[in-house]
Amino acid sequence: MPELPEAETIVRGIRPAVSQRQVERTQVLRPDILRVPTRTFANQVRGRTILTASRRGKNVIMEVHGGGVIAINLGMTGRVLTFPSPPRGRLRPTHPAVRLYFDDGSVLVFDDQRRFGTVEFLEADAWVHRSSNMGPEPLASTFSSRQLHAAMARSRSPVRSWLLDQKRIAGVGNIYAAEALFLAGVHPRRPARSVSEQEAKELYRELRRVLRKAIEAGGTTIRDYRNAAGEEGRYARRLHVYGRDGDACSACGSEIQRIVFSNRSAFFCPRCQPEHVSA
DNA sequence: AGTGTATCCTGCAGGC
DNA sequence: TGCCTGCAGGATACAC
């Protein structure tokens, strides 16, 4: 999906537009985006006033007065777009799925070409429960490399799969997992528990760095991602390995490789990220 | 516990 | 030009 930096960019973009806005009306063009019947969703959301927008992992959260949240999972192609008034012309969303009409005449549109995304309303306790099943935020000040190392030490799973598991760490997807592993010099298929304390330290540092840099660049647009204003992210040209198989490694000149495991492509430099490390 | 496979869905690029 | 295959920032369910 849009991963953590893309969700963060969206949240920053919509925050001024949705804060203190009351949802006057909802319009569901694609009911499969919801997890409840359209009528139920309308009743859950209508009349609610948004406090602010925030992010948890890859999810865009709109907190409402009195507790509860509208949670948006962006899936692969989800966009959250805000407009001062109903959009028309060429700026119109291409695959609108859900619209929230606010009391000031502005509109929030969840647009999703492939419709893997979801929009749901969760009461406060349900949201707390949902969030508690997600791993720590990698950019949180309370998240440490020791914590990362200790958690990885318990898993035989390939480190790339480990990073993609939202229950283990929140917000990391295929792009930033690939980039962080490259920058840390760790082969994506190595068992998580084979990652040494020193390597975990590197991985921790590079993961946080790459996520921060990507946020600064407004995220990565491969094809579909757009921010709340419909603009592309600028991080794509900074990618070292993701989608760059066949290119020369920026560090050593070796050819970047693409392999597939767990049904996802993994990109790495065979020289900078040896699979088998000698002790 | 972990893997591979399939599924949800649309659209694009590349090969022929 | 068109047809076909493979592939895509995600998540989940299943059999093994």
Side-chain angles (χ1 to χ4, degrees), chain A residues 1-11 29-35 55-60 71-80 93-98 110-120 130-131 133-135 138 151-182 188-194 207 210-211 213-215 217-228 231-246 258-267:
Chain A
M1 112 160 115
E3 307 181 28
L4 185 156
E6 291 74 35
E8 180 64 28
T9 303
I10 288 171
V11 163
L29 299 94
R30 293 292 194 167
D32 55 355
I33 290 297
L34 308 177
R35 294 194 173 178
R55 178 191 59 74
R56 177 76 171 104
K58 306 172 185 177
N59 300 281
V60 172
I72 301 178
N73 185 299
L74 300 159
M76 290 283 255
T77 52
R79 300 173 176 174
V80 182
T94 54
H95 298 75
V98 177
F110 179 63
D111 183 278
D112 190 0
Q113 177 186 111
R114 291 174 71 183
R115 304 205 302 283
F116 290 169
T118 55
V119 177
E120 36 181 349
R130 174 79 60 90
S131 181
N133 285 327
M134 299 172 61
M152 288 199 305
R154 285 185 261 113
S155 173
R156 307 163 116 81
S157 167
V159 62
R160 196 276 308 260
S161 306
W162 195 96
L163 289 169
L164 292 192
D165 187 343
Q166 302 300 296
K167 293 189 292 298
R168 290 168 157 150
I169 186 165
V172 182
N174 211 20
I175 293 179
Y176 301 109
E179 295 301 301
L181 288 168
F182 167 74
R189 205 155 49 189
R190 279 181 50 198
R193 64 190 227 171
S194 79
L207 178 62
V210 79
L211 292 174
K213 293 272 184 197
I215 291 170
T220 301
T221 295
I222 301 295
R223 187 175 287 120
D224 303 293
Y225 167 72
R226 297 292 186 278
N227 68 13
E231 301 156 341
E232 299 187 357
R234 303 177 307 278
Y235 198 76
R237 58 186 190 83
R238 312 265 266 285
L239 298 174
H240 291 98
V241 290
Y242 182 85
R244 294 203 173 283
D245 47 317
R258 170 181 173 268
I259 57 174
V260 177
F261 63 93
S262 304
N263 265 340
R264 314 286 305 270
S265 291
F267 304 90

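Every heavy atom of this structure was used, including side-chain atoms; hydrogens, water molecules and symmetry mates were not. Throughout, protein chains are lettered first and strands after them, A, B, ... in sequence-line order, and every chain is numbered starting at 1.
In this structure, A:His95 reaches the B:dG11 phosphate: one of its side-chain N or O atoms is under 4.0 Å from OP1 or OP2. Residue A:Ser155 has a polar side-chain atom (N or O) positioned under 4.0 Å from OP1 or OP2 of B:dG2. For A:Lys58, a side-chain nitrogen or oxygen approaches OP1 or OP2 of C:dA11 to under 4.0 Å. A close approach under 4.0 Å does occur between a side-chain nitrogen or oxygen of A:Arg168 and OP1 or OP2 of B:dG2.
In the set B:dG2, C:dA8, B:dG11, C:dA8 carries the atom at the smallest distance from any side-chain atom of A:Tyr242. Listed nucleotides C:dC7, B:dG2, B:dC9 differ in distance to A:Arg115; the shortest reach to its side chain belongs to B:dC9.
Within 3.5 Å, a donor on the side chain of A:Arg114 pairs with an acceptor on the base of B:dC9, or the reverse.
The CD-P distance, from A:Glu120 to C:dA11, rounds to 13 Å in whole Å. Between the CG atom of A:Asp165 and the C1' atom of C:dA11 there is a distance of 11 Å, rounded to whole Å. Taking atom CH2 on A:Trp162 and atom P on B:dA1, their separation rounds to 15 Å, with Å as the unit. Straight-line distance from the CZ atom of A:Phe267 to the P atom of C:dG9: 7 Å, rounded to whole Å. If you measure from atom CZ of A:Phe261 to atom P of B:dT5, you get 14 Å, rounded to the nearest angstrom. Computed from coordinates, the A:Asp245 CG to C:dA8 P distance equals 9 Å when rounded to whole Å. In this structure, CG of A:Asn263 is placed 17 Å from P of C:dC14, rounded to the nearest angstrom. What separates CE of A:Met76 from C1' of C:dG6 is a distance of 13 Å, to the nearest Å.
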Dot-bracket assigned to DNA chain B with the 3.5 Å Watson-Crick/G-U criterion, [ ] for crossing and | for other-strand pairs, is .|||||||.|||||||
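Considering A:Tyr225, A:Tyr242, A:Tyr176, A:Tyr235 in turn, A:Tyr176 is the only one that fulfils the side-chain hydrogen bond (donor to acceptor under 3.5 Å, both in side chains) rule with A:Thr220.
Atom P of C:dG9 sits at a distance of 22 Å from the matching atom of B:dG2, rounded to the whole Å.
The residue A:Arg79 sits apart from the nucleic acid: no heavy atom pair falls under 4.0 Å. Within the 4.0 angstrom heavy-atom criterion, no nucleotide atom of any strand lies near A:Asp112.
Taking the nucleotide of DNA chain B with the nearest heavy atom to each of A:Arg156 and A:Arg30, the more 5' of the two is matched to A:Arg156. Nucleotides of DNA chain C nearest to A:Ser265 and A:Arg35 differ in position, and the one nearer the 5' end is that of A:Ser265.
By the rule that a glycosidic angle within 90° of 0 means syn, C:dG6 does not qualify and counts as anti.
Salt-bridge annotation for A:Arg226 and A:Glu231: absent, with no side-chain N of the basic residue lying under 4.0 Å from a carboxylate O of the acidic one. Between A:Lys213 and A:Glu179, no side-chain nitrogen of the basic residue sits less than 4.0 Å from a carboxylate oxygen of the acidic one, so the salt-bridge criterion is not met.
Here A:Phe116 does not lie in a stacked arrangement on the base of B:dC9, lacking the combination of planes under 30° and ring centres under 5.5 Å apart.
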